[in-house]
Amino acid sequence: MFNTRTKIKTLLAQEATGQEVIVMGWVRSFRNNQFIALNDGSTNNNLQIVTELGLLDENTLKRITTGASLKVVGELIPSLGKGQKVEVKAKTVEVLGDCDGEKYPLQLKNRPSLEYLREVAHLRFRTNTFGAVFRVRHSLAFAVHKFFNDKGFVYLHTPIVTSSDAEGAGEMFRVTTLPLDNPPRKEDGSIDFAEDFFGKSANLTVSGQLEGELGAMAFSDIYTFGPTFRAENSNTTRHLAEFWMIEPEMAFYDIEDNMNLAEEFIRYIIRHAMENNREDLEFLAQRLAEEEKQLPQDKRSEMGLIEKLEFVLNNNFERITYTDAINILLDSPAYKKKKFQYEVKWGIDLQSEHERYLVEKHFKKPVIVTGYPAAIKAFYMRMNDDGKTVAAMDILAPGIGEIVGGSQREERLEKLVQRMEDMHVPVDEMQWYLDTRRYGSVPHAGFGLGFERMVQFVTGMGNIRDVIPFARTPKNCEF
RNA sequence: UCCCGAAUAGCUCAGCUGGUUAGAGCAUCUGACUGUUAAUCAGAGGGUCGCUGGUUCAAGUCCAGCUUCGGGAGCCA
């Protein structure tokens, strides 16, 4: 058995009584031919390994370079130096893997930029920032499952490859095995997808919601948590071509139940990270604070990262209707001073600048907007009694914008079919979906939460490409 | 896709209104030192100035196109 080591996170919490320990990890720095800062990814804190002069031969000393991997056997003792509580006095040091200093792209003392690290994304996990980000990401993902599991939701795996293009959530990636240079064609010259692998045109999913509704009609409460794809040519700090989405769907829920669940859910996973990743979050808060020092005073956030998260835990989200939102905007000093680039009037879709104003200037906390005009929302959203608005809800977060989009679904068959026809959704292809409304239809609701945007919110990272291990964006599919 | 900005050493950046051999800090390598904490000290190596074309006696510097990156907008989660 090779792995008899103790992880560094565990060792740093132990009482140092000179007990023998085995540690393995990667060299972060090597000072004075004597002091190795070793990291194994279990925590951002390094373990100091002390090698007494003369312990190691010349050759081994030369091989202990930044990035090299080591196996160290030694005694855990109280540190003689000031920077750390405990350290390991080495008995043996074995280089497991060499790391050529001339070629290694990560020399951390250079404080490489986030942009540069994106180019070496295969190595960036070894930095403090990305170590913290991806431990927090893991923790949030774990909390997602724990939250829903504890409430009795069924984790339903909706398909990645679909033939349905009804959701209209965006441009889709086509999945095909047809030859690109010479596809089979029908008599009218169009491509004959009957000859394709699935016998019809297929795409990568843009949402698991419709399939999720099928599950909710049997299990009552389900959720999906999986990759989602949009072939939009979006070049922003908050869009990816491949991202992870959480989509719960609940039978016997109305729009208010839906909002309550979403709010409880967001608080739960943030609290989980706060309780389990405190050190990483404090490191990220520090990083963010230093980054913001570069900004002019008026661009800096009023709250630090930790305060912001605590604020979200301790304050209810503001709930307003779309109509209220429009009225607040029309009454705002920003509107009167003509600060908005886009027109404000009932019926428009809220623009980024409007959402930012509501969230960051007016309420200064997350806001849930409900009751959007039917014309600007998807076909499956339930029509309100006014005949003009639908039971939709968006949760807007400071700095990120829309983090959740959800609705109570239209459970009445005739109204749903009418909406589909009005919005040119192919009713014939959607009979399987309409069956839910034919056979024991019930009021139900659900929402979608973009996981990476949540990770951005919790870690304070400004660019969504820095919160997913390997970002897929237009013109970029490395690694 | 649109608007703005950027691209100079492995990294982070200087390089002014065009003018000899393109600089700094860090990293790397060599040596010294040895309880260091972004260790310190001395020395060395390292560049097709993103690509293509143009203007000019002369282009890292000016112009055009392209590529990539960053910020903002749209689309959205």
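Side chains included, hydrogens not; waters and symmetry mates left out as well; all remaining heavy atoms used. Note on naming: letters A, B, ... go to the chains in the order of the sequence lines (proteins, then strands), and numbering restarts at 1 for each one. Predicted model, so just to flag it, every value in this text is computed and none were measured.
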Tell me if the aromatic rings of A:F35 and A:F30 count as close, with their centers under 6.0 Å from one another. no

Separation of B:C69 P from A:E119 CD (nearest whole Å): 9 Å

Of A:F225, A:W244, A:Y223, A:F457, which is the lone residue that meets ring-ring contact (aromatic ring centres under 6.0 Å, His included) with A:F451? A:F225

Distances for protein N or O near nucleotides 29-34 of chain B N or O, under 3.5 Å:
from	atom 1	to	atom 2	distance (Å)
B:U34	O2'	A:Q34	NE2	3.1
B:U34	O2	A:N32	O	3.0
B:U34	O2	A:N32	OD1	3.1
B:U34	O2	A:N32	ND2	3.1
B:U34	N3	A:N32	O	3.3

Is there, by distance only and without an angle test, a donor paired with an acceptor across the side chain of A:S234 and the base of B:C76 below 3.5 Å? no

Rounded to the nearest angstrom, tell me the gap between atom CD in A:E171 and atom C1' in B:C75. 10 Å

From the list B:C76, B:G35, B:A39, which nucleotide is the closest neighbour of the side chain of A:S29? B:A39

Whole-Å distance separating the CG atom of A:L117 from the C1' atom of B:U12: 12 Å

What interatomic distance, in whole Å, is found between C1' of B:G74 and the corresponding atom of B:G60? 36 Å

B:U36, B:G71, B:U12: which one has an atom nearest the side-chain heavy atoms of A:S79? B:U36

Looking at the base of B:G74, is there any donor atom on it, or on the side chain of A:Q341, that sits under 3.5 Å from an acceptor on the other one? no

Using whole Å, what does the distance between atom P of nucleotide B:U37 and atom CG of A:L80 come to? 15 Å

Cation-pi between A:R124 and A:F134: NZ/CZ under 6.0 Å from ring centre and within 45° of the ring axis? no

Tell me if the aromatic rings of A:F265 and A:F148 count as close, with their centers under 6.0 Å from one another. yes

Using a strict 4.0 Å threshold on nitrogen-to-oxygen distance, state whether A:R382 and A:D254 make a salt bridge. no

Atom CG of A:L55 and atom C1' of B:G35 are separated, to the nearest Å, by 16 Å

How many whole angstroms separate atom CD of A:E353 from atom P of B:C75? 11 Å

Between C1' of B:C75 and NE2 of A:H239, the distance in whole Å: 6 Å

Please determine, for the side chain of A:T66, which listed nucleotide (B:U28, B:C76, B:U1) has the closest atom? B:U28

Return the value, rounded to whole Å, for the distance between atom CG of A:N235 and atom P of B:U68. 10 Å

Please measure how far the P atom in B:C11 lies from the corresponding atom in B:U20, and state the result in whole Å. 27 Å

Euclidean distance for P, B:G46 against B:A9 (whole angstrom): 15 Å

Looking at A:E279 and A:K9, is there a salt bridge between them, counting it only when a charged N and a carboxylate O are closer than 4.0 Å? no

Determine the Euclidean distance between corresponding P atoms of B:C4 and B:G47; express it in Å to zero decimal places. 36 Å

Using modelled atom types only, decide if a donor and an acceptor are shared between the side chain of A:K91 and the backbone of A:E75 within a distance under 3.5 Å. no

For the C1' atoms, the ones on B:U61 and on B:A7, what distance do you get once it is rounded to whole angstrom? 14 Å

Can you figure out which of B:G74, B:G70, B:U36 approaches the side chain of A:R238 most closely? B:G74

How far, in whole Å, is B:A44 from B:G65 if one measures between their P atoms? 45 Å

Expressed as a whole number of Å, how far does the P atom of B:G35 sit from that of B:C26? 23 Å

Write down the distance separating the P atoms in B:A14 and B:A73, rounded off to the nearest Å. 26 Å

Can you tell me which stems involve RNA chain B, if a stem is defined as three or more consecutive Watson-Crick or G-U wobble pairs, both distances under 3.5 Å? B:1-7 with B:67-73, B:10-13 with B:23-26, B:28-32 with B:40-44, B:50-54 with B:62-66

Taking atom types as they are modelled, is there a donor-acceptor pair under 3.5 Å from the base of B:U1 to the side chain of A:E232? no

